[in-house]
2 protein chains.
Amino acid sequence: MAGLKQVQRQTGVALWRQIADRIREAISTGTYDEAGMVPPETILAQQFGVNRHTVRSALAALAQEGIVRAVQGRGTLIERKERLNFPITKRTRFTAGIGDQAREMRGLLLDDVTEEASAEIARWLGLKQGAQVIRLETLRQADKRPVSKATSWFPAARFAGIGEAYRKHESITKAFADLGLPDYVRATTEVTAAHANTSDLADLELTPGAILLIAKAMNTDLDGVPVQYSISRFAADRVQFTIEN
Amino acid sequence: MAGLKQVQRQTGVALWRQIADRIREAISTGTYDEAGMVPPETILAQQFGVNRHTVRSALAALAQEGIVRAVQGRGTLIERKERLNFPITKRTRFTAGIGDQAREMRGLLLDDVTEEASAEIARWLGLKQGAQVIRLETLRQADKRPVSKATSWFPAARFAGIGEAYRKHESITKAFADLGLPDYVRATTEVTAAHANTSDLADLELTPGAILLIAKAMNTDLDGVPVQYSISRFAADRVQFTIEN
DNA sequence: TATGGTTGTCTATATCAATAGACATTTAAA
DNA sequence: TTTAAATGTCTATTGATATAGACAACCATA
């Protein structure tokens with residue numbers, strides 16, 4: 001079923017990496033759910049048409065990522081199924097949306113500057129071009145693994161000090177609450193995909209060739225006034241979006 | 001500007017492949033448009049922080065793809081800028097949309113079967129589940145390079161023989177015309193992204209880790225009756241979509 | 001407790017990937 | 001015609017990748 005010849009040689013991509021990627025994908029799609037563990041190394045080697053040692057290199061890489069754990073005499077157990085699910089609805093919130101999918105969610109503030117709005121940002125936030133906006137660069141982690149990197153813009157006049165509030169609470173929702181905005185809604189979300197650039201690779205701890213899911217989102221207060229525009233870059237092999245209407 | 005340290009080691013992805021991917025990307029985004037050629041090997045080696053021979057391996061791979069051509073004493077010329085543009089509108093047509101972006105467009109018929117509609121296909125085509133539909137598997141090429149692989153379904157009762165008509169004209173538009181449908185419009189298009197699977201890698205001549213843009217499209221006749229549902233898989237580094245409303 | 005199945009470790013070998021340096025060949029321009 | 005700049009070719013060396021085989025260590029269970 002899994003078939004032979006699933007990997008290509010002479011392409012500049014090591015076999016162990018191709019195999020690691022395929023096993024990670026299989027784990028996240030639930031292929032091995034019945035057993036809760038990966039097939040034996042000898043079976044995998046046969047399926048991929050490679051030496052057992054090559055499969056071991058692939059499994060070692062996945063163990064390094066914390067996805068599997070090998071136990072001598074028993075087999076290779078699946079530790080984490082990857083791919084956090086983000087429901088995208090009117091009430092989309094990053095931290096709360098994760099729910100019990102991870103034990104620990106963190107949001108780190110990488111940068112906090114006040115600048116003039118570009119034409120695009122001004123349009124999204126309903127401001128005049130050149131109006132003052134606060135830009136936050138944040139990195140979100142689930143169980144200490146980076147999940148997404150986001151750039152957010154806020155009207156500076158209304159949300160002065162939001163950077164400090166975010167640093168304190170590690171949550172946009174709570175930072176808004178601190179600044180007198182108890183509730184807000186997701187107005188629009190645009191989703192695209194691209195290869196990760198060098199900066200993304202480093203911050204999200206990805207390997208070259210990784211895919212990003214990019215979500216451009218605009219939130220408004222309950223009166224429909226824009227309060228935030230953000231561009232979030234997610235490691236595509238760690239998340240999925242579900243759009244519910 | 002291009003910066004140092006753009007490549008990562010020990011990741012299972014060869015440096016020459018990372019560099020080839022980055023140069024291909026730079027070419028397609030027009031970074032080298034002024035000169036019409038790639039920077040000298042020694043400069044590239046310095047920018048990427050690798051040996052000149054490693055850069056030569058990357059350029060050799062791009063030459064193999066037909067993207068660049070090295071000329072001794074002059075430099076490495078850009079032969080093709082990659083990334084065909086597909087405008088997606090009500091009047092989207094694959095072949096015509098390419099326009100003068102390629103010299104030769106071809107559409108090869110890989111498979112032509114009549115089958116019963118699945119629930120999903122029946123819903124898209126407005127048929128009862130189990131109704132007879134014709135499924136065509138096609139591969140589209142621009143200047144002999146594969147661009148996309150598509151699976152299309154048509155109501156069998158209305159479009160009997162469309163496989164033969166497509167094989168003859170290598171165009172859905174002309175095949176429709178042959179069967180008495182002179183015009184049609186694009187009703188909906190859904191776009192997603194994913195890694196290429198083994199079959200895609202082979203058919204589209206991609207390397208492992210390549211991204212696909214996936215477009216699910218439904219066309220109707222001028223009365224709004226569905227005439228075609230298709231799932232097209234594009235090599236993401238060779239195309240872009242522009243959505244115009 | 002004996003056995004089969006599994007992961008862990010070791011040695012050996014061949015090929016690919018990357019670096020390093022030297023020099024030839026070709027082109028364009030001074 | 002000379003010179004500088006660029007690609008082409010060659011040799012040599014090192015480390016990563018992949019294969020091959022053998023055996024040890026461990027686990028669950030019959």
Side-chain angles (χ1 to χ4, degrees), chain A residues 4-23 27 32 34-64 66-79 207-209, chain B residues 4-23 27 32 34-64 66-79 207-209:
Chain A
L4 322 157
K5 253 181 71 72
Q6 302 235 342
V7 287
Q8 298 191 338
R9 292 160 196 263
Q10 320 277 344
T11 61
V13 182
L15 296 183
W16 65 262
R17 169 134 301 283
Q18 297 180 47
I19 292 169
D21 292 343
R22 293 207 174 273
I23 294 176
I27 290 174
Y32 306 136
E34 312 140 24
M37 53 201 304
V38 167
E41 294 168 356
T42 50
I43 303 295
L44 289 171
Q46 196 179 355
Q47 286 179 347
F48 287 111
V50 301
N51 192 275
R52 179 182 155 225
H53 293 295
T54 307
V55 169
R56 282 179 61 76
S57 296
L59 291 175
L62 294 177
Q64 184 65 30
I67 296 174
V68 300
R69 178 168 54 90
V71 178
Q72 193 173 23
R74 291 182 60 195
T76 303
L77 283 60
I78 295 172
E79 287 279 272
T207 50
Chain B
L4 322 157
K5 252 181 73 69
Q6 302 235 342
V7 287
Q8 297 191 340
R9 292 161 196 262
Q10 321 276 345
T11 61
V13 181
L15 296 183
W16 65 262
R17 169 133 300 285
Q18 297 180 47
I19 292 169
D21 291 343
R22 294 205 174 274
I23 294 176
I27 289 174
Y32 306 136
E34 312 139 24
M37 52 200 306
V38 167
E41 294 169 355
T42 50
I43 302 297
L44 288 172
Q46 195 179 357
Q47 287 179 346
F48 287 110
V50 302
N51 191 274
R52 179 181 156 227
H53 293 294
T54 308
V55 169
R56 283 179 61 76
S57 297
L59 291 176
L62 294 177
Q64 184 65 29
I67 295 174
V68 300
R69 178 169 55 90
V71 178
Q72 192 172 23
R74 292 182 59 194
T76 302
L77 283 59
I78 295 172
E79 287 279 274
T207 50

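Chain identifiers are assigned alphabetically (A, B, ...) following the order of the sequence lines, protein sequences preceding nucleic acid strands; residue numbering begins at 1 within each chain. Just so you know, these numbers come straight off a predicted model, no measurement behind them.
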Enter the distance from [X]:[atom1] to [Y]:[atom2] here, rounded to the nearest 0.5 Å.
| X | Y | atom1 | atom2 | value |
| --- | --- | --- | --- | --- |
| A:Ile67 | A:Ile23 | CD1 | CD1 | 10.5 Å |
| B:Met37 | B:Thr76 | CE | OG1 | 6.5 Å |
| A:Arg69 | A:Leu59 | CZ | CG | 14.0 Å |
| A:Asn51 | A:Glu41 | CG | CD | 10.5 Å |

Here's a test of your reading of the structure: between A:Val71 and A:Val50, which maps to the more 5' nucleotide of DNA chain D?
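Whichever sits nearer the 5' end wins; that is A:Val50.
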Report the residue (A:Gln72 or A:His53) whose heavy-atom-nearest nucleotide on DNA chain D is the more 5′ of the two.
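So the residue in question is A:His53.
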Rounded to 10 degrees, the angle between the two terminal axes of the helix from C:dT1-D:dA30 to C:dA30-D:dT1, each from five pairs:
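Here the helix ends are tilted 20° relative to one another.
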Give me the first and last nucleotide of DNA chain D, going 5' to 3', that has any atom under 4.0 Å from a heavy atom of chain A.
D:dT17 to D:dA28
By the 4.0 Å heavy-atom rule, please label A:Thr42 as base, sugar-phosphate, or nothing.
nothing
Give one of base, sugar-phosphate or nothing for B:Ser57, where a contact means two heavy atoms less than 4.0 Å apart.
nothing
Can you name the one residue among B:Ile43, B:Leu77, B:Ile27 that meets side-chain contact (heavy atoms from CB on, under 4.5 Å) with B:Val38?
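In the set B:Ile43, B:Leu77, B:Ile27, the residue that makes a side-chain contact (heavy atoms from CB on, under 4.5 Å) with B:Val38 is B:Ile27.
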Within less than 4.0 Å of OP1 or OP2 of C:dA17, is there a side-chain N or O belonging to B:Thr54?
no
Distance check: side-chain N/O of A:Arg74 vs OP1/OP2 of C:dT7, anything under 4.0 Å?
no
Any sub-3.5 Å donor-acceptor pair from A:Gln18's side-chain atoms to A:Val13's backbone N or O?
yes
